[in-house]
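Down below is the structure, laid out as structure tokens.
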Amino acid sequence: SVEKFKLRNGYEIPCIGFGTWDIRNEELVVRAIKKALDIGYRHIDTASAYQNEKSIGRAIAEYPIDREELFITSKVWATERGYEKTLLSFEKTLKDLALDYIDLYLIHWPASPNKFDNWEDINLGTWRALTELYKSGKVKAIGVSNFRQSHLEALMKTEVKPMVNQVEFNPGNKHMKTIDYCKNNNIIVEAWSPLGRSRILNNEILLSMAKKYDKSPAQICLRWCLQNEVIALPKSITPSRIKENFEIFDFEISQNDMTTINGMPSFAWSGLDPDEVDF
Ligand code: A2P
């Protein structure tokens, strides 16, 4: 079984998870989840916004495995934030997944696309709902996603502090300021788009490392996440890639090569330093 990280409350989380963003077709979802479980993934990452929770629930129900062996994450969408709405959204998620608890529940974004909303109050209300769900045992751990330091700080004074922050993290987009803050505050970081949605896989540095270690650029990205103590959540609907992305436990990137990848500049697709982007 795969290595696990420990959250601040002692709950264990598998260090690689299966990402499901943008897989919506029911048969495709069911097939991909079952393939991932066959290969050994035990951690599945979804969100109400992904519109695939019912299909994931079906795949899990149909798969012969004990619930305790699985680690299931979901997220409350930006426009569903606030105490009351969050509780309602959670009940729908639980019902769609056909589960009686989920392992990790996250606030998906710190603010609505309308960034003039009163995000601090809304997030505190949302967090109160997550704290209640945590205390009731319906979720085993709680956290956030896409939060920068200022968003996190607003929650660090609460009784139960965020255990996880899920952000974009890949060799072309690193959010180092946010990552450092999380590490210093015992918040486990998870990487969405650890492959940069595949746009970084033809980068020359990654290609030469892939050659050196006899691995693919995707496997270099994922191993690099792990060695940075970041949980990787690669997404694929392609069986051979689902397998490839899990074969990252039989090699180690040298400290020198880690430093080289850590030093790669942010890619220019946003034109902005990720730590400075205001979302
Ligand atoms: P597909 O799902 O068609 O297999 P990310 O997780 O960074 O968002 O990247 C997801 C994208 O990367 C998807 O388009 C996925 O394609 C592709 N992908 C996933 N794994 C690999 C891999 N091992 N090699 C190349 N592309 C991959």
Side-chain angles (χ1 to χ4, degrees), residues 1-21 36 40-47 68-76 101-110 123 126-127 130-131 133-135 137-171 173-195 221-235 245-246 248-249 253 258 261-262 274-275:
S1 70
V2 140
E3 191 196 330
K4 291 175 176 169
F5 292 173
K6 254 198 180 89
L7 303 177
R8 74 158 81 241
N9 66 344
Y11 202 65
E12 292 192 322
I13 179 168
C15 68
I16 180 165
F18 186 65
T20 66
W21 177 69
Y41 292 81
R42 292 293 176 261
H43 171 176
I44 298 165
D45 183 88
T46 184
E68 307 78 67
E69 281 201 41
L70 297 174
F71 190 103
I72 312 293
T73 300
S74 189
K75 314 180 191 86
V76 55
Y101 72 89
I102 66 169
D103 296 274
L104 177 62
Y105 199 45
L106 308 177
I107 305 179
H108 205 143
W109 287 93
N123 288 347
T126 311
W127 194 251
L130 263 58
T131 302
L133 294 168
Y134 173 63
K135 287 189 171 175
K138 285 184 177 174
V139 308
K140 304 301 180 190
I142 52 179
V144 297
S145 182
N146 303 304
F147 274 44
R148 293 162 62 195
Q149 181 168 339
S150 54
H151 304 123
L152 285 164
E153 276 168 350
L155 294 183
M156 290 307 279
K157 298 159 201 129
T158 56
E159 181 194 350
V160 181
K161 296 175 181 40
M163 301 168 193
V164 166
N165 187 18
Q166 182 181 127
V167 295
E168 177 170 12
F169 185 70
N170 55 64
N173 199 355
K174 296 192 216 53
H175 298 273
M176 278 329 286
K177 279 207 305 218
T178 301
I179 309 279
D180 287 344
Y181 179 82
C182 290
K183 287 194 172 167
N184 291 332
N185 286 277
N186 202 7
I187 298 168
I188 294 275
V189 178
E190 298 183 329
W192 61 258
S193 282
L195 312 175
C221 291
L222 299 170
R223 181 74 207 180
W224 167 81
C225 279
L226 289 194
Q227 290 185 218
N228 273 314
E229 288 164 47
V230 171
I231 293 178
L233 304 170
K235 169 263 170 186
N245 295 344
F246 201 72
I248 55 169
F249 300 103
I253 301 173
M258 285 297 293
I261 305 175
N262 286 341
D275 274 322

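Computation of the quantities below employed the complete heavy-atom set of this structure, encompassing side-chain atoms and omitting hydrogens, waters and symmetry-equivalent molecules. Only a predicted model underlies this, so the values are computations on that prediction, with no experimental measurement involved.
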Starting at NZ of K6, measure out to CG of N186 and round the result to the nearest 0.5 Å.
12.0 Å

Go through the steps to decide whether L130 and V160 satisfy the test side chain to side chain contact (heavy atoms under 4.5 Å, CB included), and finish with yes or no.
CA-CA 9 Å; L130 263 58; V160 181; over 6 Å; no

Looking only at heavy atoms, what is the nearest atom pair of V2 and P14, with distance?
CG1-CB, 4.2 Å

Looking at side-chain heavy atoms only, is the closest gap between V189 and N228 below 4.5 Å?
no

State, to 0.1 Å, how close C225 and P194 come at their nearest heavy-atom pair, and which atoms those are.
SG-CB, 4.1 Å

Side-chain touch K174/I179, heavy atoms, less than 4.5 angstrom:
no

Is it the case that over 12 heavy atoms from other parts of the model lie below 6.0 angstrom from the NZ atom of K161?
yes

How many angstroms lie between atom CG of L233 and atom OG1 of T46, to the nearest 0.5 angstrom?
11.5 Å

Pair T131, T158 - check side chain to side chain contact (heavy atoms under 4.5 Å, CB included), show working.
CA-CA 9 Å; T131 302; T158 56; 5.8 Å; no

Within 6.0 Å of NZ in K183, more than 12 heavy atoms from elsewhere:
yes

Flag the pair H151 / V144 as yes when at least one side-chain heavy-atom distance between them is below 4.5 Å, and no otherwise.
no

Taking every non-hydrogen atom, the tightest pair across L155 and N123
CD2-O, 4.0 Å

Go through the steps to decide whether I231 and I188 satisfy the test side chain to side chain contact (heavy atoms under 4.5 Å, CB included), and finish with yes or no.
CA-CA 8 Å; I231 293 178; I188 294 275; 3.7 Å; yes

With side-chain hydrogen bond (donor to acceptor under 3.5 Å, both in side chains) as the test, pick out the partner of W192 among D45, N170, N146.
N146

Can you tell if the side chain of N245 reaches within under 4.5 Å of the side chain of L222, non-hydrogen atoms only?
yes

For the pair W224 and F169, name the ring-plane relationship: parallel under 30°, tilted 30 to 60°, perpendicular over 60°.
parallel

Pairwise side-chain contact, P162 with W127, heavy-atom cut-off 4.5 Å (strictly under):
yes

Within the 4.5 Å heavy-atom criterion, are L7 and F5 side-chain neighbours or not?
no

Rounded to the nearest 0.5 Å, how far apart are CD1 of I72 and CG of D103?
6.5 Å

Taking all non-hydrogen atoms of both residues, which atom of I102 and which atom of Y105 are closest, and how far apart?
CD1-CD1, 3.6 Å

Y101 versus K140, closest heavy-atom pair with distance:
CD1-CE, 3.5 Å

Under the side chain to side chain donor-acceptor pair (under 3.5 Å) rule, what do N165 and Y181 come out as? Steps first, then yes or no, please.
CA-CA 10 Å; N165 187 18; Y181 179 82; over 6 Å; no

Check: R8 side chain, M163 main-chain N or O, donor-acceptor pair, under 3.5 Å:
no

Ignoring hydrogens and angles, tell me if any N or O in the side chain of R148 forms a donor-acceptor pair with the backbone of H175 under 3.5 Å.
no

For T73 and H43, run side chain to side chain contact (heavy atoms under 4.5 Å, CB included): C-alpha distance rounded to whole Å, both residues' side-chain angles, the deciding distance at 0.1 Å, then the answer.
CA-CA 8 Å; T73 300; H43 171 176; 3.9 Å; yes

Is the number of heavy atoms from other residues, nucleotides or ligands within 6.0 Å of CD (E69) greater than 12?
yes

Sub-4.5 Å side-chain heavy-atom contact between Y11 and F71
yes

Between C221 and I261, is there a side-chain heavy-atom distance shorter than 4.5 Å?
no

I need the minimum non-hydrogen distance between V167 and F147, along with the two atoms involved.
CG1-O, 4.3 Å

Backbone N or O of I253 within a donor-acceptor pair of the Q227 side chain at under 3.5 Å?
yes

Is there a donor-acceptor pair closer than 3.5 Å between any side-chain N or O of K157 and the backbone N or O of A154?
no

